[in-house]
Engineer: 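Quick one: the structure is below, and I'll ask about it shortly.
First listed ligand is number 1; within each ligand, the first listed atom is number 1.
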Amino acid sequence: MSIAEAGMNAKGKLRSLCLAIISVFLCLLTACQPHKTVQRVNTTDTAMGTIVSLTFYDLPKQRENMGEELLEMIRSLEEDILSWRMPDSRVALINQNAGGQPLALSEELYKLMVDCRDVWQRSGGAFDVTLGTLTSLWNFDERAMTKDGEQLPTKEQIRLALSYCDMGQIQLNETGVCLGQGQKLDLGAVGKGWALDELRTYLDNLSEDERPEGAIISLGGSILTYGRKPDGLPWKVAVINPKDDTSTLGYLELEGMWCVSTSGDYERYVEIDGVRYHHILDPHTGYPADAGLSGVTILSQDGFLSDALSTACFVLGKEKGMELAADYRVEILVVDKNGNVDMSDGMKRFFHGEENLLNP
Ligand code: FAD
Ligand code: MG
């Protein structure tokens with residue numbers, strides 16, 4: 001090899017080395033650069049007959065429409081699967097087919113029905129999603145909105161509607177479901193919590209560079225906290241004062257993923273002759289549940305359970321409700337009709353009294 005060739009080789013090697021160093025440096029620079037995010041973005045709208053609010057923190061720029069996307073997802077869960085009012089949903093079809101041949105169920109809807117049956121059994125029938133004929137009779141959703149109390153259903157109407165309310169009458173197995181003649185499903189007590197589970201699964205399945213750092217999603221009385229806020233502080237979820245729903249009793253301080261659902265006698269009701277009739281019904285009497293409670297809040301990592309059990313425990317009352325919550329290993333807070341608050345030992349770790357988050 002000539003000296004000139006050797007010189008060229010040395011120069012070439014030096015150049016390659018420099019290029020390699022520059023590329024490594026550039027790669028490191030790109031890796032260290034935070035990917036572009038939107039700090040906080042909120043979408044608020046209505047679905048499932050209630051207000052939906054979705055807030056994301058540090059949302060990757062390319063996914064900044066995630067609020068609208070998830071809202072669409074909630075609406076299609078309602079329209080395609082859960083709604084007992086929209087004629088083309090699966091649940092509406094099941095209702096139309098009552099007394100007929102079994103209808104096939106998707107895996108997810110089968111699991112939801114089995115889980116509902118489990119809560120029905122373990123609550124001694126206090127929770128029963130086959131009370132659709134009874135809830136149609138009371139028709140709280142429309143009456144509460146129009147403030148039209150008018151008159152009570154008659155005892156005879158209630159007795160008849162109650163005869164259709166019994167989860168034990170439905171045929172349910174992997175091949176399908178069939179309601180008894182006259183029976184009707186109403187998933188108002190579980191739909192929002194179950195939808196939160198679907199949203200959480202969606203977020204979990206996103207790749208890391210598409211997922212927000214944190215999110216808080218509220219579907220009426222059911223709330224999902226997810227991930228973390230950029231300031232590193234815990235999520236604060238208000239516990240509404242059932243005696244005055246413009247104020248709070250305190251808040252739950254939560255880290256990471258949790259579902260919180262509240263059922264209360266102040267949510268939907270009508271007043272007839274000075275008496276308040278609220279929307280959580282006792283399937284044993286056919287009348288609004290009257291077990292001494294005004295509000296129940298359940299904390300769980302499972303959205304379905306938080307929603308189903310807030311309703312079930314409201315119907316059961318304090319002692320039995322707290323037993324059922326312990327049985328399912330969820331945390332519970334109850335407020336009785338006089339405003340007294342009681343809670344499971346586990347809930348005490350999360351609950352902070354007094355600070356009013358609605359009117360700070
Ligand atoms: P929860 O305690 O969680 O649930 C109470 C509701 O559960 C009652 O309203 C009744 O539907 C049912 N229920 C009552 N007692 C029992 C019991 N013992 N066991 C089991 N279930 C019981 N509202 C509208 O006004 N218009 C709509 O179009 C509409 N569509 C909806 C669609 C979906 C998919 C869902 C999930 C809800 C919808 N809603 C709608 C709201 C619904 O009617 C209820 O008012 C709402 O779900 C009550 O929720 P909550 O958190 O206040 O109380
Ligand atoms: Mg509920």
Engineer: Which word best sums up how the rings of His279 and Phe140 line up, parallel for under 30°, tilted for 30 to 60°, or perpendicular for over 60°?
Structural biologist: perpendicular
Engineer: Taking only heavy atoms of Asp307 into account, list the atoms of ligand 1 that are under 4.0 Å away from them.
Structural biologist: 3 (O)
Engineer: Give yes or no for whether the N/O distance cutoff of 3.5 Å, strictly under, is met between Gly191 and ligand 1.
Structural biologist: no
Engineer: Tell me which part of Glu142 gets within contact of ligand 1: side chain, backbone, both or neither, using heavy atoms under 4.0 Å.
Structural biologist: neither
Engineer: Distance under 4.0 Å to a non-hydrogen atom of Ser263: what atoms of ligand 1 satisfy this?
Structural biologist: 1 (P), 2 (O), 3 (O)
Engineer: Using a cut-off of strictly less than 2.8 Å, determine whether Ala189 has an N/O/S atom near the Mg ion (ligand 2).
Structural biologist: yes
Engineer: So is there a nitrogen or oxygen of Leu82 less than 3.5 Å from a nitrogen or oxygen in ligand 1?
Structural biologist: no
Engineer: Out of Trp138, Tyr266, Phe140, Trp84, indicate the one that has the non-hydrogen atom closest to atom 35 (C) of ligand 1.
Structural biologist: Trp84
Engineer: Got an N/O contact under 3.5 Å between Glu267 and ligand 1?
Structural biologist: no
Engineer: Heavy atoms only: which of Met48, Arg85, Lys192 is nearest to atom 28 (O) of ligand 1?
Structural biologist: Arg85
Engineer: For the aromatic rings, using the six-membered ring if either is Trp, is the centroid distance between Tyr57 and Trp235 under 6.0 Å?
Structural biologist: yes
Engineer: Can you tell whether the side chains of Asp327 and Arg122 come within less than 4.0 Å, N to carboxylate O?
Structural biologist: yes
Engineer: Within this structure, what is the OH-OG distance for the pair Tyr328 and Ser300, rounded to the nearest 0.5 Å?
Structural biologist: 11.0 Å
Engineer: Which option out of Arg268, Glu79, His279 puts a heavy atom nearest to atom 25 (O) of ligand 1?
Structural biologist: Arg268
Engineer: Heavy atom under 4.0 Å from ligand 1: found in Pro283's side chain, backbone, both, or neither?
Structural biologist: side chain
Engineer: Using a strict threshold of under 4.0 Å (side-chain N to carboxylate O), is an ion pair present between Glu323 and Lys320?
Structural biologist: no
Engineer: Can you check which of Thr135, Val91, Asp141, Thr311 brings a heavy atom nearest to atom 43 (O) of ligand 1?
Structural biologist: Asp141
Engineer: Taking Ser136 for its side chain and Gly132 for its backbone only, find out whether a donor-acceptor pair lies under 3.5 Å.
Structural biologist: yes
Engineer: Please confirm if an N, O or S atom belonging to Thr311, backbone or side chain, lies less than 2.8 Å from the Mg ion (ligand 2).
Structural biologist: yes
Engineer: Would Arg200 and Tyr226 count as a cation-pi pair here, with the cationic atom under 6.0 angstrom from the ring centre and within 45° of the axis?
Structural biologist: no
Engineer: Counting heavy atoms only, name the option from Ile280, Leu131, Val129 that's nearest to atom 16 (C) of ligand 1.
Structural biologist: Leu131
Engineer: At a 4.0 Å threshold, what atoms of ligand 1 neighbour a non-hydrogen atom of Phe127?
Structural biologist: 19 (N), 20 (C)
Engineer: May I ask you to decide whether Glu69 forms a salt bridge with Arg63, counting only side-chain N to carboxylate O separations under 4.0 Å?
Structural biologist: yes
Engineer: Does the residue Ala126 have a heavy-atom contact with ligand 1, meaning some pair of atoms that are separated by less than 4.0 Å?
Structural biologist: yes
Engineer: Checking the N or O distance criterion of under 3.5 Å, is ligand 1 in contact with Gly221?
Structural biologist: no
Engineer: Any ion pair linking Lys236 and Glu253 (charged N to carboxylate O, less than 4.0 Å)?
Structural biologist: no
Engineer: How long is the span from the CG atom in Leu187 to the CG atom in Leu112, to the nearest 0.5 Å?
Structural biologist: 6.0 Å
Engineer: Within the 4.5 Å heavy-atom criterion, are Leu219 and Leu196 side-chain neighbours or not?
Structural biologist: yes
Engineer: Say whether Val315, considering both its backbone and side-chain N or O atoms, lies within less than 3.5 Å of an N or O atom on ligand 1.
Structural biologist: no
Engineer: Using 4.0 Å as the upper bound for N to carboxylate O, is an ion pair formed by Glu108 and Lys111?
Structural biologist: no
Engineer: Nearest heavy atom to atom 32 (C) of ligand 1: which of Glu78, His278, His284 does it belong to?
Structural biologist: Glu78
